Number of protein chains: 2
Amino acid sequence: MKTKNPFIQILSNFRNFELEEEKLITKHLELNNYSTRDTFLKTGERNDQLGLITSGVFRYYFYDENGSEITAHFMDVNEFVGNVACFFEYSISAGTIEALTDCEVIQISKSNWDICKNEIKDWEVIFQKIINNVLIKKTNFQRSLLNNTATESYLKFLNYYPELSNKVPLQHVASYLGMTPFSLSRVRKTISTL
Amino acid sequence: MKTKNPFIQILSNFRNFELEEEKLITKHLELNNYSTRDTFLKTGERNDQLGLITSGVFRYYFYDENGSEITAHFMDVNEFVGNVACFFEYSISAGTIEALTDCEVIQISKSNWDICKNEIKDWEVIFQKIINNVLIKKTNFQRSLLNNTATESYLKFLNYYPELSNKVPLQHVASYLGMTPFSLSRVRKTISTL
DNA sequence: GAAAAGACTTGCCATTTGGCAATTATTTAA
DNA sequence: TTAAATAATTGCCAAATGGCAAGTCTTTTC
């Protein structure tokens with residue numbers, strides 16, 4: 001039996017599709033490869049692609065009011081890559097999405113997405129639910145960072161995203177957790193001697 | 001001309017409703033009053049009500065792994081009150097929603113919501129979008145707290161939720177921002193002398 | 001309206017984290 | 001393969017925040 005397209009697999013968690021529907025969806029998807037440091041989306045651009053990561057890691061970063069670079073999200077295997085707010089609202093991205101490793105992505109353009117929306121029942125709701133779940137998870141995690149020490153935050157990160165710590169440079173993890181690279185380096189040292 | 005029901009008003013930002021639809025929706029809504037310190041939802045309960053706040057403020061709080069009480073959300077006028085994750089998934093709430101002032105709420109039960117879902121086109125998508133927007137806003141705000149000093153965080157809070165600072169006890173704002181009440185008290189002192 | 005309970009402020013000191021410079025390790029590019 | 005650039009570590013000190021106790025102010029309750 002042929003292995004299912006991972007993109008459809010994710011959607012299938014919310015509803016089963018007829019073979020005809022699967023074909024239609026597949027026809028509107030595109031496989032893309034990114035090398036380390038390639039960008040999926042740049043600041044100021046409209047985000048007209050949404051992709052499911054089948055290998056690799058991306059990060060989303062922007063510059064805050066002091067000009068400091070802040071890594072606000074990581075996007076890992078089996079997660080969607082894209083600035084979802086921009087994708088759905090045709091708005092302009094305030095940050096950049098960059099590949100931290102070589103990546104493979106199954107992606108759909110906004111125009112193809114709109115076609116599927118008209119053809120496939122529940123299409124929009126399914127995506128909304130997926131995004132909702134991601135956001136709820138993310139909000140809860142960020143909330144937990146606010147009331148923790150640096151060490152606790154990093155331990156939670158390790159627990160929450162066990163895959164990421166090996167793939168992502170320390171400086172970006174530090175930024176993501178809201179601490180300096182110096183602090184994170186010290187935290188790691190402390191943890192390693194436990 | 002009769003003033004529109006605020007609940008329908010909010011939904012109308014996403015789609016216009018026929019008069020018949022509005023009647024149907026209204027029929028499934030209920031007006032409720034809460035006194036200060038009444039609970040909308042308790043830890044361990046299933047959240048089968050979703051409400052639009054027409055006056056007053058609620059907070060959502062839970063106890064973290066150290067047993068400290070953490071205020072994770074405020075819900076103000078024109079926002080929805082409820083644990084949305086629980087509402088849509090019939091799951092059990094990990095925290096309590098409590099009225100911080102006397103409140104008036106237009107609410108809908110899950111069973112009535114389900115009825116509307118079958119009767120009103122786009123019903124589910126509209127709610128998903130509303131929740132999505134709230135979550136995106138919340139995530140961005142929380143993210144900004146991670147890279148700020150206590151004073152900056154409080155100034156952002158004032159800017160972001162200008163109404164709330166007068167209505168909400170200091171201790172809960174402090175918890176929300178991830179600092180101690182002592183620190184927030186000092187921050188306020190500093191700010192007042194600027 | 002008085003007593004009690006709870007919330008907020010402030011001082012003092014401890015702890016945590018940040019900032020910067022110097023050093024080492026790792027990655028990139030020629 | 002080597003030189004250059006970038007990233008990570010570590011020491012030292014400064015700044016920010018936390019913890020606790022005492023005192024004041026506010027709210028609740030009887």
Side-chain angles (χ1 to χ4, degrees), chain A residues 34-39 56-57 59 61 64-71 74 98-102 144-158 164-194, chain B residues 34-39 56-57 59 61 64-71 74 98-102 144-158 164-194:
Chain A
Y34 296 85
S35 302
T36 308
R37 235 168 293 165
D38 282 355
T39 55
V57 190
R59 74 175 177 122
Y61 69 91
D64 72 6
E65 57 278 7
N66 308 315
S68 312
E69 182 190 293
I70 295 189
T71 294
F74 293 116
E98 172 195 71
L100 292 174
T101 62
D102 291 352
S144 77
L145 296 180
L146 286 174
N147 304 84
N148 283 148
T149 63
T151 305
E152 287 170 336
S153 290
Y154 185 60
L155 288 174
K156 278 197 176 153
F157 174 78
L158 289 180
L164 281 184
S165 54
N166 314 310
K167 303 190 209 163
V168 173
L170 176 141
Q171 54 178 329
H172 299 142
V173 176
S175 171
Y176 183 74
L177 298 177
M179 63 183 82
T180 61
F182 307 107
S183 289
L184 182 52
S185 179
R186 289 180 184 113
V187 164
R188 276 192 176 170
K189 196 183 173 187
T190 311
I191 289 173
S192 68
T193 62
L194 291 183
Chain B
Y34 296 85
S35 302
T36 307
R37 234 168 295 164
D38 282 355
T39 55
V57 190
R59 74 175 176 121
Y61 69 91
D64 73 6
E65 57 277 8
N66 309 314
S68 313
E69 181 190 294
I70 295 189
T71 295
F74 293 116
E98 171 194 72
L100 291 174
T101 62
D102 292 352
S144 78
L145 296 180
L146 286 174
N147 304 83
N148 283 149
T149 63
T151 303
E152 287 169 336
S153 291
Y154 184 61
L155 288 173
K156 278 196 176 152
F157 174 78
L158 289 180
L164 281 184
S165 55
N166 314 310
K167 302 190 208 165
V168 174
L170 175 141
Q171 55 178 331
H172 299 141
V173 176
S175 170
Y176 183 73
L177 298 176
M179 62 183 83
T180 60
F182 306 107
S183 288
L184 182 52
S185 179
R186 289 180 184 113
V187 165
R188 276 192 175 169
K189 197 182 172 188
T190 311
I191 289 173
S192 67
T193 62
L194 290 183

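Per chain, numbering begins at 1; letters A, B, ... match sequence-line order. This one's a predicted model, so the numbers in the text were calculated from it and none came from an experiment.
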Nearest whole Å is fine: how far is [N] [atom2] from [X] [atom1]?
X: B:L184; N: D:dT17; atom1: CG; atom2: P; answer: 11 Å
X: B:N147; N: C:dG19; atom1: CG; atom2: C1'; answer: 16 Å
X: B:M179; N: C:dT9; atom1: CE; atom2: P; answer: 13 Å
X: B:N148; N: D:dA16; atom1: CG; atom2: P; answer: 14 Å
X: A:N66; N: C:dG18; atom1: CG; atom2: P; answer: 14 Å
X: A:L170; N: D:dT6; atom1: CG; atom2: C1'; answer: 13 Å
X: A:Q171; N: D:dT6; atom1: CD; atom2: P; answer: 11 Å
X: B:E152; N: C:dG18; atom1: CD; atom2: P; answer: 13 Å

To the side chain of [X], which of [options] is closest?
X: B:S183; options: D:dG18, D:dG11, C:dT17; answer: D:dG18
X: A:F182; options: C:dA7, D:dA21, C:dC20; answer: C:dC20
X: A:K189; options: D:dG11, D:dT17, C:dA21; answer: D:dG11
X: A:R37; options: D:dT17, C:dT28, D:dA21; answer: C:dT28
X: B:T180; options: D:dG19, D:dT17, C:dG18; answer: D:dG19

Residue met sooner reading DNA chain D from 5', once B:T36 and B:T151 are mapped to nucleotides: B:T151

Test your reading of the model: is there a side-chain donor-acceptor pair from [X] to the backbone of [Y], 3.5 Å cut-off?
X: B:D64; Y: B:N66; answer: yes
X: B:S35; Y: B:D38; answer: no
X: A:N147; Y: B:G178; answer: no
X: A:T101; Y: A:T36; answer: no

B:S185 side-chain N/O to C:dT9 phosphate OP1/OP2 under 4.0 Å: yes

Under-4.0 Å side-chain N/O to phosphate OP1/OP2 contact, B:R186 with D:dA16: no

Worked verdict on A:Y154 versus A:S165 for side-chain contact (heavy atoms from CB on, under 4.5 Å): CA-CA 10 Å; A:Y154 185 60; A:S165 54; 4.2 Å; yes

Touch class at under 4.0 angstrom, heavy-atom based, for B:P181 against every strand present: nothing

